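Since the structure comes first, as structure tokens, the remarks are kept for the end.
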Amino acid sequence: MTFDRFGRKIHYLRISLTDHCNLRCIYCMPEDQTFRANAELMQDDEILLFARLFAELGFDKIRLTGGEPTVRANITEIVRGIAQTPGIHSLSMTTNGLLLPRLAAPLAAAGLQHVNISIDTLDALKFKRLTHWGKLEQAWQGILAAEEAGLSPIKLNAVIVKGYNEEDVIDLAALTLQKSWQLRFIEMMPFAGVTTVQTQQIVTAAQIQAKIECEFGPLETNQRYDGEARIFRIRGAQGEIGFISSVTVPFCSACTRARLTADGVLRMCLLREKEFDLLTPLRNGATFEDLRQMILGAVWNKPWGHGLDEGDIPLNRAMNQIGG
Ligand code: SAM
Ligand code: SF4
């Protein structure tokens with residue numbers, strides 16, 4: 001069991017497999033973003049070694065992210081290796097879904113249990129505008145492939161951006177009427193790279209909820225959380241609606257997470273710049289015990305919460321370089 005100094009049990013690791021991506025979502029990174037050389041990223045054996053070390057310290061839940069995790073070479077083998085790591089009971093992935101039509105079945109067979117797929121609109125033109133060049137149909141086929149492969153429950157992530165897709169919350173929410181999917185609306189958070197969009201064009205969870213309720217009536221809730229998402233339901237719907245309001249209603253007191261970036265750096269708060277490099281010591285010959293002590297020290301010193309209210313924006317990385 002690994003606890004921080006505030007008594008929070010930290011047992012959920014998000015591993016970014018790469019900072020590379022096949023899209024350029026306007027709220028995530030600039031169109032001319034450059035990426036790290038592969039040699040700077042954790043190699044397959046290094047990822048598996050870190051998964052084992054974290055599992056030995058009591059981490060039982062891993063989510064793979066990026067960048068876009070599915071563009072990583074050997075993704076199926078990496079998933080298989082992590083799924084077979086003793087102590088890991090939950091293995092999931094956040095993806096834009098574009099490559100799932102061919103990868104969903106092999107990933108499920110390798111031990112992936114759940115996916116969250118990002119889709120911000122059901123309008124092909126707006127999808128292209130939001131992602132710079134993505135094809136909506138490809139993401140949609142990815143969602144269907146994930147469902148077919150049993151990567152359920154299907155959770156869809158949508159970031160709402162003023163001037164781009166505010167009206168699309170209705171169509172997205174309406175998906176839950178017939179489908180037992182969870183549609184999660186994520187408040188845009190600020191990082192490096194596209195900070196102006198992220199701070200000037202944010203749509204709050206309360207604004208999104210008001211739009212949805214205007215169309216479908218008051219949302220039902222039993223005050224349940226699913227991870228960081230506050231869960232609601234349109235009356236009579238099959239699926240659920242979640243609000244992840246990290247900016248306006250932070251969930252820091254209940255945070256159980258750590259993040260390992262693709263370049264092997266441990267980040268204990270998504271929205272704080274403080275980082276602990278694990279990959280360089282590993283490559284310089286640190287023992288497993290040294291690395292365990294570094295991880296325990298980082299966990300102990302996990303920040304209480306973010307400082308957005310005080311204007312403290314983390315500017316040392318863009319979102320794709322951390323892992324959402
Ligand atoms: N490429 C994958 C994807 O898009 O799902 C995984 C990585 S992406 C960084 C993880 C999640 O972060 C996605 O759901 C994405 O929509 C979300 N995201 C990206 N930039 C964000 C921002 N500035 N604020 C809030 N969420 C963001
Ligand atoms: Fe790529 Fe995901 Fe960032 Fe979009 S949100 S640019 S798909 S990493």
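In each ligand, atom 1 is the first atom listed, and ligand 1 is the first ligand listed. Since the structure is predicted, the reported quantities are computational estimates derived from the model, not experimental observations. The basis for the numbers below is simple: all heavy atoms, side chains too, and nothing from hydrogens, waters or symmetry mates.
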At what distance is the nearest protein heavy atom to [atom], and which residue and atom is it?
atom: atom 11 (C) of ligand 1; value: Thr94 CG2, 4.2 Å
atom: atom 3 (Fe) of ligand 2; value: Cys28 SG, 2.4 Å
atom: atom 27 (C) of ligand 1; value: Met319 CE, 3.6 Å
atom: atom 4 (Fe) of ligand 2; value: Cys25 SG, 2.3 Å
atom: atom 24 (N) of ligand 1; value: Met189 N, 2.8 Å
atom: atom 1 (Fe) of ligand 2; value: Cys21 SG, 2.2 Å

Under 4.0 Å, heavy-atom basis, I'd like to know which part of Val194 is in contact with ligand 1: side chain, backbone, both or neither.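 Neither part.
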
Contact partition for Glu68 relative to ligand 1, non-hydrogen atoms under 4.0 Å: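 The answer is both, backbone and side chain.
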
Are Val115 and Leu107 close enough that some pair of their side-chain heavy atoms sits under 4.5 Å apart?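 Counting from C-beta outward, Val115 and Leu107 never come under 4.5 Å.
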
With distance as the sole criterion, is a donor-acceptor pair present between the side chains of Asn96 and Glu68 under 3.5 Å?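 Asn96 vs Glu68: donor-acceptor pair found between side chains.
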
Asp120 side chain to Tyr27 side chain, donor-acceptor N/O pair below 3.5 angstrom: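 A donor-acceptor contact under 3.5 Å links the two side chains.
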
Based purely on interatomic distance, does Tyr27 place a nitrogen or oxygen under 3.5 Å from a nitrogen or oxygen of ligand 1?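 Such a contact does occur with ligand 1.
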
Enumerated ligand 1 atoms positioned under 4.0 Å from heavy atoms of [X]:
X: Ser118; value: 3 (C), 4 (O), 5 (O), 13 (C), 14 (O), 16 (O)
X: Thr65; value: 6 (C), 7 (C)
X: Gly66; value: 7 (C), 9 (C)
X: Asn96; value: 2 (C), 3 (C), 5 (O)
X: Gly324; value: 9 (C), 10 (C)
X: Asn157; value: 14 (O)

Test your reading of the model: is there a side-chain donor-acceptor pair from [X] to the backbone of [Y], 3.5 Å cut-off?
X: Arg292; Y: Leu53; result: no
X: Lys126; Y: Asn165; result: no
X: Asn316; Y: Glu273; result: yes

Nearest non-hydrogen contact with atom 26 (N) of ligand 1 belongs to which option: Leu271, Ile186, Ile322?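 Nearest heavy atom to atom 26 (N) of ligand 1 lies in Ile186.
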
Report yes or no: does [X] have a heavy atom closer than 4.0 Å to ligand 1?
X: Met29; value: no
X: Asn320; value: no
X: Gly67; value: yes

Could you check whether [X] pairs with [Y] (Lys NZ or Arg NE/NH1/NH2 to Asp/Glu carboxylate O, under 4.0 Å)?
X: Arg317; Y: Asp263; answer: yes
X: Glu220; Y: Arg233; answer: no
X: Arg24; Y: Asp32; answer: no
X: Glu56; Y: Arg52; answer: yes

Can you tell me if Gly67 contacts ligand 2 (heavy atom of the residue under 4.0 Å from the ligand)?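 Yes.
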
Below 4.0 Å from any atom of ligand 2, is there a heavy atom belonging to Met29?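 Judged by the 4.0 Å heavy-atom criterion, Met29 does count as contacting ligand 2.
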
Can you name the one residue among Ile241, Ile231, Asn116, Ile154 that meets side chain to side chain contact (heavy atoms under 4.5 Å, CB included) with Gln182?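 Among the candidates, only Ile231 passes.
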
Among Lys155, Arg63, Arg184, which one satisfies salt bridge (charged side-chain N to carboxylate O under 4.0 Å, His left out) with Glu228?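 The passing option is Arg184.
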
How are the rings of His20 and Phe35 set relative to one another: parallel (under 30°), tilted (30 to 60°) or perpendicular (over 60°)?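 Correct class here is parallel.
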
